Protein chains: 2
Amino acid sequence: MSQIEMRHLRTLVALRETGSLVEASERVFLTQSALSHQIKELEGRLGCSLFLRKTRPVRFTSAGNRLLQLADEVLPRLHNAELDLDRFAGGQSGRIIMAIECHSCFEWLLPAIDAYRNEWSDVELDISSGFHFAPFPALARGDLDLVITADPLDEPGITYFPIFSYEAQLAVAKRHPLVEKPWAEPRDLADEVVITYPVDRERLDLFSGFLEPAGVEPARVRHAELTTMIVQLVASGRGVTCLPNWALHEYLQNDYVVVRSLGEEGVWPTLYAAVRKDQADAPFMKAFIDVAKQVCFANLRGIVTAELG
Amino acid sequence: MSQIEMRHLRTLVALRETGSLVEASERVFLTQSALSHQIKELEGRLGCSLFLRKTRPVRFTSAGNRLLQLADEVLPRLHNAELDLDRFAGGQSGRIIMAIECHSCFEWLLPAIDAYRNEWSDVELDISSGFHFAPFPALARGDLDLVITADPLDEPGITYFPIFSYEAQLAVAKRHPLVEKPWAEPRDLADEVVITYPVDRERLDLFSGFLEPAGVEPARVRHAELTTMIVQLVASGRGVTCLPNWALHEYLQNDYVVVRSLGEEGVWPTLYAAVRKDQADAPFMKAFIDVAKQVCFANLRGIVTAELG
DNA sequence: AGATATTTTTGAATTCTATTCATGTCACAA
DNA sequence: TTGTGACATGAATAGAATTCAAAAATATCT
């Protein structure tokens, strides 16, 4: 079916630039015989001659000129594509489509993305809103490239990089009874209204790391979208909430609320970046995780480094 | 050095459109095994994977998408080029750069070109002004594609097509002595002023076909650019001229001048279109010669058909 | 779950094609 | 003419792309 190959285009261009088969052959690192065969065969398949040889420099026919025009259109594009692919191959470029399991992570993820974009401008970046429910299959099959999670399950083909650990703290109003206690016990919340982000319970530290293990159910769960809104409600005594210590820090400074640890030890989740093994070593990916960590430690009060468990 | 071939681009496109190796392989008329090898090998050379197979339809990586972009740029251009080349191959298109040896031929050549262009709009047409001196070498080496000539030399690689024959006639003033004679003899011009186009003598019928064979030199040769100008000079008795009968026809009708044959038989040159053998059978070329003949016989009075001597 | 069908991978064999090598031809200059 | 440089040609070779056959890996169905 098809006839023309890249090598033909390159030969023709070399021929135009040198004017003879002999020199052109040196240019494309072939023997002159090879070029002679190559062109003869192409001419045969095309059914028309491409240039007149009995002249110096060679003179192209209309067909030859048409092919040269094609070469001028195609070869530069090919070259550019190869340069881009080299960058992909070297891990200098790529795609990071992310999903987050942790609702308040937007707060540090967006600044991290901004910082990263400065250095790695041609990495394709996006936060996916579509895979909140089942991010790991999506990560495995390539719909996602990075998932921020607090639960490093031992999935094959997935690598986890710890970002940081924080304390999941209970925030209560200043005259709440728990203010009198050094820390909270699960049953202290049995009669409370708990205010949370409107997300699944498994994704809330208070439930997954504290109440559910103890089999305690609060009196009521109330939802609010925004962190400030939640804190306002808590401050005015409408309920209690559980948020990362770094998110509560500023409200604590302003003396809006009082915080207590969940249990004597406190609950200390660790956030991980989960990536596919094949991308785990790519420079553009490692760089993203490094930038994220840096941004977090620079901006968030109360977090600590974490090692992979 | 280079990696990417047309076949890779076609495979990737087929893969995008079908979503699986199996179907893509049917599309490009190869085994699916072949595609697997082909892509694996390309990925190896590029150093990065192009798509994720464990999904239906397959999902392209950034690198894969970049290659698809290249394919979208290149394959349509390749296709267009192939269509054009088919036309060249079928002789449906081509290039005709012409030169004329006969000065007054412009008069019928330009209308012929106009008529031809209507039917064969994408044949590249041009009248070269650069090769009046040595048109045949230029024709042989491809600087020219067609030469209008009255002397069909037996050059190898050149084919001659007769266009028409005409009589080269002597035009004289109405009271010129030659009016009394039935035809002119060479020596009748020994004392005359001869008015010609400002071109070489070999290209003038009067000299090449009449005076030089007889060894006669006129008293003086005077030049004028335009046919009308020449005829005016002749009519007012400033000299004699030799022009094709078809060029003199209108002046004869208006009774400006009198014409006489050169010798008893008259001089009857034939105009030929000389073309390179390899183009001689191309439809676009044959069509040009046909159109030229038609136009001539429709417009020129006094010409006759000619066979190849 | 397990069993079947489908799709992709893999390694070896094969077929095909581009290239080289060694001449041969041609045109042109001395 | 002979000699020189450039292109062509045919046979041999080397190198690839492709196929074949069989095995993994995935998806599908009950």
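These numbers come from a predicted model, not from an experiment. Lettering of chains follows the sequences in order, A, B, ..., and the numbering in each one begins at 1. Hydrogens, waters and symmetry mates play no part in the numbers below; they use all other heavy atoms, side chains included.
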Measure distances between side-chain N and O atoms of [X] and base N and O atoms of [N], and say whether any donor-acceptor pair falls under 3.5 Å.
| X | N | value |
| --- | --- | --- |
| Gln32(A) | dA8(D) | yes |
| His37(B) | dT9(C) | no |
| Ser33(B) | dC20(D) | yes |

Hey, does Ser36(B) reach any base, or is it just sugar-phosphate, or nothing, if we go heavy atoms under 4.0 Å?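 Base contact.
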Starting at [atom1] of [X] and ending at [atom2] of [N], how long is that distance when rounded to a whole Å?
| X | N | atom1 | atom2 | answer |
| --- | --- | --- | --- | --- |
| Ile4(A) | dT17(C) | CD1 | P | 17 Å |
| Arg45(B) | dA17(D) | CZ | P | 6 Å |
| Ile39(A) | dC7(D) | CD1 | P | 10 Å |
| Met6(A) | dA18(C) | CE | C1' | 17 Å |
| Glu23(B) | dT8(C) | CD | C1' | 14 Å |
| Leu52(A) | dC26(C) | CG | C1' | 16 Å |
| Leu42(A) | dT17(C) | CG | C1' | 14 Å |
| Glu41(B) | dT18(D) | CD | C1' | 12 Å |

The nucleotide from dT8(C), dT19(C), dT20(C) with an atom nearest the side chain of Thr31(A) is dT20(C)
Nearest listed nucleotide, side chain of Val22(B), among dT19(D), dT20(C), dT7(C): dT7(C)
Check the phosphate of [N] against [X], side-chain N and O only, distance under 4.0 Å to OP1 or OP2. Yes or no?
| X | N | value |
| --- | --- | --- |
| Ser20(A) | dA6(D) | no |
| Lys40(A) | dT9(D) | yes |
| Arg53(A) | dA6(D) | no |

Can a salt bridge be assigned to the pair [X] and [Y] using a cut-off of 4.0 Å between side-chain N and carboxylate O?
| X | Y | value |
| --- | --- | --- |
| Arg77(B) | Glu73(B) | no |
| Asp84(B) | Arg87(B) | yes |
| Glu23(B) | Arg27(B) | no |

Arg16(B) and side chain to side chain donor-acceptor pair (under 3.5 Å): which partner among Asp72(B), Thr11(B), Asn65(B)?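 Testing Arg16(B) for a side chain to side chain donor-acceptor pair (under 3.5 Å) against Asp72(B), Thr11(B), Asn65(B) leaves exactly one candidate, Asp72(B).
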Side-chain donor/acceptor of Arg276(A) to backbone N/O of Ile158(A), under 3.5 Å: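 No, Arg276(A) side chain to Ile158(A) backbone: no donor-acceptor pair under 3.5 Å.
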Closest nucleotide of DNA chain C for Gln38(A) versus for Phe51(B): which of these residues is on the 5' side?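 Of the two residues, Phe51(B) wins.
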